[in-house]
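Below, chains carry the letters A, B, ... as their sequence lines are ordered, and counting in each starts from 1. Please read these numbers as outputs of a predicted model, since none were measured by experiment.
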Protein chains: 2
Amino acid sequence: MSQLDDQAFIHIAKYFQALAEPMRLKILNGLRDGEKNVTELVEISGGTQANVSKHLNILKSSRLIKRESRGTKAYYSISDQRIYELCNLVCGQIASQMSIDAAANEAFISTLQVTQ
Amino acid sequence: MSQLDDQAFIHIAKYFQALAEPMRLKILNGLRDGEKNVTELVEISGGTQANVSKHLNILKSSRLIKRESRGTKAYYSISDQRIYELCNLVCGQIASQMSIDAAANEAFISTLQVTQ
DNA sequence: ATATTACATGAGTATATAGTTATATAGAAA
DNA sequence: TTTCTATATAACTATATACTCATGTAATAT
């Protein structure tokens, strides 16, 4: 396995890592319908301002979201809508893994707001 | 945001977490062309036996891989081929994020073996 | 029965990460 | 300038995670 491959795996792993946190998924979900400022995201997510701010920074570092400063506010938005495809795939797999009947399965999927 | 939604986000985050480790991606990549036993995966990944064994357990707990014991050997295989779709999506996004020219971009993508 | 091979796991360490609290900074308004 | 609002960040704590080394266990071979 080459050094270059190792770097690729590290790169991909970091990307998944950015998505591997409930609060960050919640934030991304909150951005589904367009940009929001930090205060709005704090309300939506139910987290503290400091914590949300840190998560936003992590998401931005991973290029999942963009930041635009207007006045005293900072507006964040999704960089690439394809992340929702990722979430859809994962939701589909998780749902199909659940050993519950089809109706309950359907109910579970409908609770997943991380979709387009 | 309801309690149920919170559970969903936790669930999805755990799934991504399982994919957020270079060694585990390497192992999954090693399983692309079918089942392999632990010793084979140790060789492919370049990790220690103990460490690979632990990662295999994590991947199994996350239902990404299955285990079948035959004789003294344990054969692992991919549970759901759709994980490669995930990796493809991520690779595509990472590649398109890279601020390098198209040729280098292509070269990078070709090094990513986490594809079907 | 003993040895060997293949794998899993416990103990311990080091590092990373998420969270809180308090504080810093920056723009807008008074 | 001072104040207020919005956001970022530093310091700290708690927890999780990856890794190594040593050991346990289970199937096979001698």
Side-chain angles (χ1 to χ4, degrees), chain A residues 1 6-7 9-31 34-77, chain B residues 1 6-7 9-31 34-77:
Chain A
M1 198 69 63
D6 283 353
Q7 280 305 113
F9 287 126
I10 289 169
H11 206 135
I12 298 165
K14 277 183 185 157
Y15 194 94
F16 280 126
Q17 181 67 44
L19 294 168
E21 222 287 325
M23 180 67 77
R24 288 199 285 273
L25 292 177
K26 221 167 178 175
I27 290 170
L28 291 172
N29 188 44
L31 293 173
E35 67 170 20
K36 288 199 173 51
N37 65 44
V38 179
T39 302
E40 289 170 329
L41 290 169
V42 167
E43 287 164 9
I44 288 172
S45 68
T48 64
Q49 182 268 317
N51 198 28
V52 169
S53 198
K54 283 186 180 176
H55 282 304
L56 286 168
N57 198 41
I58 290 169
L59 290 170
K60 186 162 71 72
S61 299
S62 301
R63 314 252 211 145
L64 286 162
I65 59 176
K66 290 177 294 190
R67 190 192 116 112
E68 193 194 323
S69 179
R70 288 208 296 276
T72 65
K73 299 184 180 178
Y75 288 88
Y76 287 91
S77 59
Chain B
M1 197 69 63
D6 283 352
Q7 280 305 113
F9 287 126
I10 289 169
H11 206 137
I12 297 166
K14 277 185 184 156
Y15 194 94
F16 280 125
Q17 181 68 43
L19 293 168
E21 222 286 325
M23 180 66 78
R24 288 199 286 274
L25 292 177
K26 221 166 179 176
I27 290 170
L28 290 173
N29 188 45
L31 293 174
E35 66 170 22
K36 289 198 171 50
N37 64 44
V38 179
T39 302
E40 289 170 329
L41 290 170
V42 167
E43 286 164 10
I44 288 173
S45 68
T48 64
Q49 183 267 317
N51 198 28
V52 169
S53 197
K54 284 185 180 178
H55 282 304
L56 286 168
N57 198 42
I58 290 169
L59 290 170
K60 185 162 70 73
S61 298
S62 300
R63 314 252 212 144
L64 285 162
I65 59 176
K66 290 177 295 189
R67 190 190 116 113
E68 192 194 325
S69 179
R70 290 208 295 276
T72 67
K73 300 183 179 177
Y75 288 89
Y76 286 90
S77 58

Taking all atoms of both residues into account, what is the closest heavy-atom pair of A/L31 and A/K36, and its distance?
CD2-N, 3.7 Å

Return the value, rounded to whole Å, for the distance between atom [atom1] of [X] and atom [atom2] of [N].
X	N	atom1	atom2	result
A/L19	C/dA18	CG	P	12 Å
A/Q17	C/dA18	CD	P	7 Å
A/K14	C/dA16	NZ	P	11 Å
B/H55	C/dT9	NE2	P	15 Å
A/M23	C/dT17	CE	P	17 Å
A/I27	C/dA18	CD1	C1'	12 Å
B/K36	C/dA6	NZ	P	17 Å
B/R24	D/dA18	CZ	C1'	9 Å

Are the side chains of [Y] and [X] in contact, using a 4.5 Å heavy-atom criterion?
X	Y	answer
A/F16	B/L25	yes
B/L19	A/I12	no
A/I58	A/L64	no
B/F9	A/N29	yes

With sugar-phosphate meaning primed atoms plus P, OP1 and OP2, does A/T48 contact a base, only sugar-phosphate, or nothing at under 4.0 Å between heavy atoms?
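Contact class for A/T48: sugar-phosphate only.
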
Identify whether any heavy atom of B/I58 sits under 4.0 Å from a base atom; if not, whether one sits that close to sugar-phosphate; answer base, sugar-phosphate or nothing.
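Result for B/I58 = sugar-phosphate.
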
Side chain [X], main chain [Y], donor-acceptor under 3.5 Å:
X	Y	value
A/R24	A/Q17	yes
A/K60	A/R67	no
A/K26	A/S45	yes

Just the atom pairs and distances: protein N or O near nucleotides 7-11 of chain D's N or O, under 3.5 Å.
{"residue": "D/dT7", "atom": "OP1", "partner": "A/V38", "partner atom": "N", "Å": "3.4"}
{"residue": "D/dT7", "atom": "OP1", "partner": "A/A74", "partner atom": "N", "Å": "3.0"}
{"residue": "D/dT7", "atom": "OP2", "partner": "A/T39", "partner atom": "N", "Å": "2.9"}
{"residue": "D/dT7", "atom": "OP2", "partner": "A/T39", "partner atom": "OG1", "Å": "2.3"}
{"residue": "D/dT7", "atom": "O3'", "partner": "A/R67", "partner atom": "NH1", "Å": "3.4"}
{"residue": "D/dA8", "atom": "OP1", "partner": "A/R67", "partner atom": "NH1", "Å": "2.4"}
{"residue": "D/dA8", "atom": "OP1", "partner": "A/Y76", "partner atom": "OH", "Å": "2.7"}
{"residue": "D/dA8", "atom": "OP2", "partner": "A/S53", "partner atom": "OG", "Å": "2.8"}
{"residue": "D/dA8", "atom": "N7", "partner": "A/Q49", "partner atom": "NE2", "Å": "2.8"}
{"residue": "D/dA8", "atom": "N6", "partner": "A/Q49", "partner atom": "OE1", "Å": "3.2"}
{"residue": "D/dA11", "atom": "N6", "partner": "A/K54", "partner atom": "NZ", "Å": "2.8"}

Residues B/E68, B/R70; criterion salt bridge (Lys or Arg N to Asp or Glu O under 4.0 Å); working and verdict
CA-CA 6 Å; B/E68 192 194 325; B/R70 290 208 295 276; 3.2 Å; yes

With each end axis built from five pairs of C1' atoms, what bend angle do you get for the helix from C/dA1-D/dT30 to C/dA30-D/dT1? Round to 10°.
10°

